[in-house]
Amino acid sequence: MTRYDTVVSGGTVVFPGIGAIRCDIGIRDGRVAAIADDLQASSGDDAVDARGLHVFPGGVDSHMHFGIYRDLTEDVASETESSLVGGATTALSYFRTGHHYLNRSGPYREILPEVLAATDGHAHIDYGYHLAPMTSGQIDEIGWLAGEAGIASFKYYMFYKGLNLAGDSEDADAFTMSDDKYDFGHLYSMMEQVAAADASQGEDARISLSLHCENAELIKLFMARTQAAGVQGARAWHEARPPLTERLSVHEAAILADATRCRVNLLHLSSAEALRGALEVRSLYPSLDVRCETTLHHLVLTHDMLDGTGGKVNPPIRTRDDVEALWAAVMRGDIDWVASDHACCMESQKGDDVWPALPGFGGTALLYPVMISEGFHRRGLALERIADLVSAAPARAYGCQARKGSLMVGADADLALIDLEREQVVTPELLHSAQDHTPFEGVPLKGWPVRTILRGETVYADGEVTRAPAGRFLARPGTGSGV
Ligand SMILES: [Zn+2]
């Protein structure tokens with residue numbers, strides 16, 4: 001009899017883009033070794049009973065921010081633990097030099113090894129980094145980063161150009177800690193380098209640029225108006241950074257991407273108008289590779305659901321009409337993937353006043369629960385589409401599809417075993433994060449992971465972490481045969 005390390009039997013396996021099929025999975029050496037309609041549980045050294053459960057590919061939470069406001073090592077440990085709760089087994093985290101994170105600048109040849117050393121041994125799930133070149137010297141490192149350092153994706157923040165950060169007097173240069181202008185010249189040369197790296201990496205590697213699309217010049221105007229009107233709280237933040245600024249910024253970025261043939265990812269589309277911009281640029285530049293992300297919070301929260309400052313985030317939490325427009329786009333297939341934009345931000349860092357409050361909050365623990373509860377149960381979104389939206393699609397977009405986001409033979413045996421009928425109301429305690437509050441508090445969700453498996457090992461079961469951090473760096477673009 002063929003032997004396996006572990007056999008997961010009796011479950012219904014959800015194959016991304018294909019369907020939910022009753023079958024068993026044999027795991028050997030951390031990889032999927034067999035998929036069959038009936039494997040003997042006794043053929044595995046360990047047996048996982050998945051009867052009554054749906055077996056999804058482990059989530060690829062492709063938008064996180066390890067260490068943005070807290071010690072990087074501590075943040076990696078606590079926040080990847082939170083990922084396990086939501087069934088994510090891979091995190092792709094954004095990092096940049098400058099204010100926040102490590103509060104310093106310098107070449108990524110020096111800083112990336114420090115970031116990896118601070119992460120190594122502390123993550124509960126596999127991880128990679130997206131890097132934001134903030135200096136012209138870092139732009140010159142893109143070819144090396146993509147070719148040798150395992151970094152397949154980069155970032156530009158459209159709203160740092162003309163920045164005057166909310167609530168303080170810092171200008172863009174102080175924020176980026178660079179003498180180089182963080183302007184469209186910077187963006188254009190970054191896009192050239194990303195496109196060149198993509199061309200040199202061959203057909204199945206995708207080297208891309210992620211864009212945070214908001215416009216600082218309009219934000220300054222609308223922020224002054226909102227403050228003068230005395231509006232406070234989450235509604236104020238929404239009105240100070242209106243959706244118009246997202247759409248404008250999407251168009252600006254797309255013109256430059258079209259000129260440089262740079263593959264782009266439009267991050268965290270938050271509104272009907274941002275979505276409109278994304279669909280417009282796709283039709284204007286049909287040969288351009290434009291992929292669209294939205295977040296869990298933009299699919300669930302509205303500004304009138306929020307009290308205080310805990311839900312402050314960029315781009316802001318919007319209206320019910322925006323939430324429904326984003327869901328309609330998810331259902332149509334216009335949104336490529338959903339991520340958390342997880343940034344652990346404590347209540348003390350938020351304070352009582354929305355203007356100086358730090359933006360961002362956690363959500364990675366809700367990756368599958370939100371999509372199953374609000375997508376499958378409430379709106380009829382097919383389970384195989386959910387598996388694609390939170391796992392296979394981001395893996396393809398970010399160059400780790402050979403190992404992550406698929407349940408094919410040879411892929412990493414990363415699994416989320418989910419009870420579709422389990423109902424829980426969100427509390428901070430449930431999320432296993434260091435964050436001491438959550439804007440999702442009180443939201444009832446139906447469909448939760450009961451076991452999370454990383455490369456064949458159970459790392460979370462029945463609400464408890466079951467293993468010391470075993471996550472490894474995921475070099476991208478990667479191949480199937482050992483990266
Ligand atoms: Zn983000």
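Ligands are counted one by one from 1 in listed order, and the atoms in each one are counted from 1 as well. For the numbers below, each heavy atom of this structure counts, side chains included, while hydrogens, waters and symmetry mates do not.
Around the Zn ion (ligand 1), protein N, O or S atoms at less than 2.8 Å comprise His63 NE2, His65 NE2, Asp341 OD1.
Of all heavy-atom pairs spanning Met158 and Ser249, the tightest one is CB-OG, 3.1 Å.
The shortest side-chain heavy-atom distance between Met190 and Cys262 does not fall under the 4.5 Å cut-off.
Below 30°, between 30° and 60°, or above 60°: for His212 and Phe159 the angle between ring planes is between 30° and 60°, a tilted geometry. Between His303 and His238, the two ring planes are parallel [angle under 30°; tilted spans 30° to 60°]. Note on ring orientation: taking the six-membered ring where Trp is involved, the planes of Phe95 and Tyr108 are perpendicular (angle over 60°, cut-offs 30° and 60°).
Residues His65 and His63 bring their aromatic ring centres within 6.0 Å.
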